Amino acid sequence: KVWVATPLSRDHKPDDEDEYQRIIQRNGRVEPFREPNGDPIGPARVWLRNENIPGLAMSRSFGDRVAASVGVIPEPEIYETSLNEDDKFIILASDGVWEFLPNDKVVEMVAHYWVNNDPEGAAERLVRESVALWQQE
């Protein structure tokens with residue numbers, strides 16, 4: 001069987017052009033954390049213009065008033081699709097999974113567990129794989 005991954009959302013990163021523009025217009029700053037010598041570390045983050053807070057590595061979130069003050073918004077971006085008989089499962093996961101595992105790899109891993117009616121096994125595998133990749137970073 002050929003499995004096809006269909007993304008139903010996208011990650012909202014501060015350095016995506018549309019997200020970046022909104023943050024800059026709201027007097028935020030987008031850049032990675034920096035070592036004391038100025039070398040960048042890690043992903044682009046959202047900062048206040050003149051302070052190194054909040055340092056959020058995403059551009060959409062809810063409940064963070066400091067980040068909201070510089071354009072981090074809670075509104076989701078939703079893709080709509082119709083399900084049909086060929087669709088077998090939907091994977092809901094946090095950025096902790098999607099940051100490290102591409103859609104097609106996730107579907108490939110989960111398909112084995114779907115065939116064996118083992119959703120808990122699929123969830124455990126996704127967590128195990130994404131944590132292992134995170135620890136390598």
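Source: prediction; values computed, not measured. If you read the sequence from its start, that first residue is 1, and numbering goes on from there.
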| said: Holding to salt bridge (charged side-chain N to carboxylate O under 4.0 Å, His left out), I want the full list of residues that pass it with Arg34, two or more places apart in sequence or in another chain. | reply: Glu31
| request: For Arg45, check salt bridge (charged side-chain N to carboxylate O under 4.0 Å, His left out) against everything at least two apart and list the hits. | output: none
| message | Counting neighbours of CG on Asn117 that are heavy atoms of other residues, nucleotides or ligands and sit closer than 6.0 Å, is the number greater than 12? | response |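 For Asn117, atom CG is not crowded (no more than 12 foreign heavy atoms under 6.0 Å).
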| said: Does Lys105 have more than 12 heavy atoms from other residues, nucleotides or ligands lying within 6.0 Å of its NZ? | reply: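 Not more than 12 within 6.0 Å, no.
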| field | Qualifying salt bridge (Lys or Arg N to Asp or Glu O under 4.0 Å) pairs with a residue from residues 64-87, counting only residues at least two apart or across chains | value | Arg10-Glu77
| task | Just grab all the salt bridge (Lys or Arg N to Asp or Glu O under 4.0 Å) pairs involving residues 90-104, residues at least two apart or on different chains. | result |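 Qualifying pairs: Lys13-Glu99.
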Just distance, no hydrogens or angles: give the donor-acceptor pairs under 3.5 Å from side chains in residues 128-137, sequence neighbours left out.
from	atom 1	to	atom 2	distance (Å)
Glu129	OE2	Arg125	NE	3.1
Ser130	OG	Leu126	O	2.8
Ser130	OG	Val127	O	3.2

Quick one: side chain to side chain contact (heavy atoms under 4.5 Å, CB included) partners of [X], sequence neighbours excluded?
| X | answer |
| --- | --- |
| Ile24 | Tyr20 |
| Ala5 | Asn103, Val107 |
| Ala68 | none |
| Glu35 | Asn37, Asp39, Ile41 |

| field | Student check: side-chain heavy atoms of Tyr79 and Thr6 closer than 4.5 Å | value | no
| request: Please test Ile23 against Ser59 for side-chain contact (heavy atoms from CB on, under 4.5 Å), starting from the C-alpha separation and ending with a verdict. | output: CA-CA 8 Å; Ile23 292 161; Ser59 56; 3.9 Å; yes
| So which heavy atom on Asp11 is nearest to which on Asp16, and how close? | O-OD2, 3.4 Å
| field | Closest heavy-atom pair and its distance - Ala44, Pro14 | value |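 Of all heavy-atom pairs spanning Ala44 and Pro14, the closest is O-CG, 3.7 Å.
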| task | Quick one: name the residues clustered hydrophobically with Tyr113, using the 4.5 Å side-chain heavy-atom rule over I, L, V, M, F, W, Y, and just say none if it's on its own. | result |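 None; Tyr113 is a cluster of one.
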| message | Test question: given the 4.5 Å side-chain rule for I, L, V, M, F, W and Y, name all other residues clustered with Leu92, or answer none. | response |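 So far as hydrophobic clustering goes, Leu92 is joined with Leu8, Leu83, Ile90.
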| field | Atom pair CD1 (Ile73) and CZ (Phe62), whose distance is rounded to the nearest 0.5 Å | value | 13.5 Å
| field | Separation of Arg29 CZ from Arg49 CZ (nearest 0.5 Å) | value | 8.5 Å
Shared hydrophobic cluster, [X] / [Y] (ILVMFWY, side-chain heavy atoms < 4.5 Å):
| X | Y | value |
| --- | --- | --- |
| Val115 | Ile91 | yes |
| Leu48 | Val72 | yes |
| Val66 | Met58 | yes |

| Counterpart residues, side-chain hydrogen bond (donor to acceptor under 3.5 Å, both in side chains), relative to Glu108 (two or more places apart) |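 Expected list: none.
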| query | For the residue pair Trp3 and Trp114, does the interplanar ring angle fall in the parallel (under 30°), tilted (30 to 60°) or perpendicular (over 60°) class? | reply | perpendicular
